[in-house]
2 protein chains.
Amino acid sequence: MTEFLTYAKSGVDIDANDEMVDKIQSAIQSTLGPRVINLPGGFAGLFRLDYDEKIFKKNYKNPVLVSCTDGVGSKVLVARQLKKYNSLGFDLVAMNVNDMLVIGAEPLFFLDYLAVNKLSPAWVADVVEGIAAACRVADCALIGGETAEMPDVYKKDDFDMAGFAVGVVERSRIINGSKVEAGDVVLGLASSGLHSNGFSLARNICFKHLNLKPEQKIPALEGESIGAELLTPTRIYVRSIVKLLGHYKVKQVVHGMAHITGGGLVGNVPRILPANCDAVINKSAWQPQPIFDFLQKSGPVEDAEMFRVFNMGIGFVLVVAPDFADSVAAQLTRTGETVYKLGTVKRGSGKVIIK
Amino acid sequence: MTEFLTYAKSGVDIDANDEMVDKIQSAIQSTLGPRVINLPGGFAGLFRLDYDEKIFKKNYKNPVLVSCTDGVGSKVLVARQLKKYNSLGFDLVAMNVNDMLVIGAEPLFFLDYLAVNKLSPAWVADVVEGIAAACRVADCALIGGETAEMPDVYKKDDFDMAGFAVGVVERSRIINGSKVEAGDVVLGLASSGLHSNGFSLARNICFKHLNLKPEQKIPALEGESIGAELLTPTRIYVRSIVKLLGHYKVKQVVHGMAHITGGGLVGNVPRILPANCDAVINKSAWQPQPIFDFLQKSGPVEDAEMFRVFNMGIGFVLVVAPDFADSVAAQLTRTGETVYKLGTVKRGSGKVIIK
């Protein structure tokens, strides 16, 4: 447990109390399955690949490790404004695990890097508890982490966080968009809000242009405060996507997937489109959450810019064989997703057309 | 190639020239072996675990993944002072891969997270080339990365970096210190200098207390400038340790290892000592590099504090069976290490005694 020992060691320097260490330890322990090997010393986190030969080897004849790294961008600054740090763990884990789902991988484990001006055990416990809670939702083990105190790099109360996730996919089941073809159906899964992208623009609009206080309630957001709305944790799509892919192990039903992050639908969906196809998306197929309309009107921001910067209510996209579109949508709905039939794939030149 | 695509995308925003992108791409490509799967889209980095079934399966019946994350602390500030960023990659890779060697693991792949005030393609190319060069020395593939531009968190010219390494070890060959016993010999491998620890104290002494300029030449350091001396890249012990362990696949010769980072010998060696053993280290067994003496006298800093904050010239420690100590030392010398017989393990209470 690199994480626990690191925090414990820090605790020695700064006289942290045992309660905090216990809280962190129990949060981390709650993420660990039977594949994690607990090693004293804490130089590294250990994860058994073949923890149960019968089950695992049946699933993975030719395992490919899939790895992602990402931070949460300037969403950290909104958390700081509100002094609410617990939900950032969901953003951090989501940014990484949703990326690997796109390949068809299932997450195995996660590590975090936190860098701060001044290490406060209570603050670290709060953040790590959030990360651990998100790891439980993403079915991955939090096997390590590092907390760096760097007063000469980070200003008072400033901090940054980065995450690393490792997953696995059977080589023959890697999904890379090469099967996408004209006629395929484009499905979208609802986001929970802004997720972790577009915060430079959103913060600029809310806190500079409108000069709002983070705790200010906004009628257009059903009375929610602007800070709480911006800080809504990123949705983690792991369980529904892993379950869906497990259902279609033989049939090639899901031809491509995209995690909608910076660049929006127009920037991310083309990453899985063949050069001779367009994805034609019908804007009336779904209704973005009120926050997007609020930001657009408050800017004002042009339509095209909104679609380049924000996810506009769609956090994850699947391109599926037309015969299976209804069945896929029904399954994803059953596992808790809000699913929209966004449009279809047509012959074209590798771009997204929103109309 | 997450990394390349991320940088390429950034390049679109900031009008980076193709030469820079080419430089980064070729640096990254130089680290990729046959196990890396190149996938368009760039949502994640992919690494085949069984890239050659005959070879790999012979070596790993029960593979355990080993993962580490770390940054380089405030060494980034010395790089900024000198405007020399290329060697930080060695620090970043070393901090992570040397940690996993301790378990007996061989590194497989690496990812980096860079966070900056303002993204400059030339700067990113410089840093990434350094990381890629270090990955080549550590025999691991640079399969992904993220560059975050966060002007509201990082001040002008400020930045931070975090790394993440994944390796593998056969379960029955995990080294955890449990075999360490009285009579074992403690070997130390020379560090290249400060490595990446103790920089708060070192910077304080050099740039505040002595008020040195980074380019100032120091007679006690053989005329080397203080900045260049502090910035000496961290030594990567991968090849010599992996080769050594490969030599002793059956015999249990290496009982424990420790990467000497923050906490020094007194903080890190106890992490692999049984509760009923001490490691008794003879200070006259080696001569720390001049930088340590320079810092100690310039502070002045007490002996005990020096050994708690700095590696004091020893970057990596092996605890080995006494009958094999000479053979291990000879092998490590042949693979390029400077090896010192630091002392022996005695009955005790789990601590390091330096005398």
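Since this is a predicted model, take the numbers as computed values, not measurements. Each chain gets a letter, A, B and so on, in the order the sequences are listed, and its residues count up from 1. Basis for what follows: all heavy atoms, side chains included, without hydrogens, waters or symmetry-related copies.
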| Toward chain A, the part of B/Ala258 with a non-hydrogen atom under 4.5 Å | both
| field | Side chain, backbone, both or neither of B/Ala162 within contact of chain A (heavy atoms, under 4.5 Å) | value | both
| query | How many angstroms lie between CZ in A/Phe110 and CZ in B/Phe164, if you round to the nearest 0.5 Å? | reply | 9.0 Å
| What option among B/Val102, B/Val169, B/Val166 has the most heavy-atom pairs under 4.5 Å with chain A? | B/Val102
| said: Tell me which of these, A/Gly73, A/Ser74, A/Ser200, has more heavy-atom pairs under 4.5 Å with chain B than the rest. | reply: A/Gly73
| task | Can you tell which part of B/Met161 gets under 4.5 Å to a heavy atom of chain A, answering side chain, backbone, both or neither? | result | backbone
| query | What residue, out of B/Phe47, B/Phe109, B/Phe159, has the most heavy-atom pairs lying under 4.5 Å from chain A? | reply | B/Phe47
| Taking all non-hydrogen atoms of both residues, which atom of A/Thr69 and which atom of B/Glu146 are closest, and how far apart? | O-CB, 3.7 Å
| query | Do B/Val153 and A/Leu77 touch side chain to side chain, with heavy atoms closer than 4.5 Å? | reply | yes
| query | Closest heavy-atom contact between A/Ser67 and B/Leu111? | reply | OG-CD1, 3.1 Å
| message | Quick check on A/Ala105 against chain B: is it the side chain, the backbone, both or neither that has a heavy atom closer than 4.5 Å? | response | neither
| note | Whatever's closer than 4.5 Å to a heavy atom in chain B on A/Asp70 counts as both
| note | One option among B/Asp152, B/Val66, B/Leu273 has the most heavy-atom pairs under 4.5 Å with chain A, and it is B/Asp152
| request: Identify which part of A/Phe199 has an atom lying under 4.5 Å from any heavy atom of chain B, answering side chain, backbone, both or neither. | output: neither
| task | Check whether any side-chain heavy atom of A/Tyr154 sits under 4.5 Å from a side-chain heavy atom of B/Asp160, and report yes or no. | result | yes
| field | A/Ile103 versus B/Ala44, closest heavy-atom pair with distance | value | CG1-CB, 4.0 Å
| message | If we check side-chain contact (heavy atoms from CB on, under 4.5 Å) with B/Leu65, which of these qualifies: A/Leu65, A/Ile143, A/Leu46? | response | A/Leu65
| request: Under 4.5 Å heavy-atom distance to chain A, tell me which part of B/Arg80 shows up: side chain, backbone, both or neither. | output: neither
| query | Taking atom NZ of A/Lys155 and atom CG of B/Asp158, what is their separation to the nearest 0.5 Å? | reply | 8.0 Å
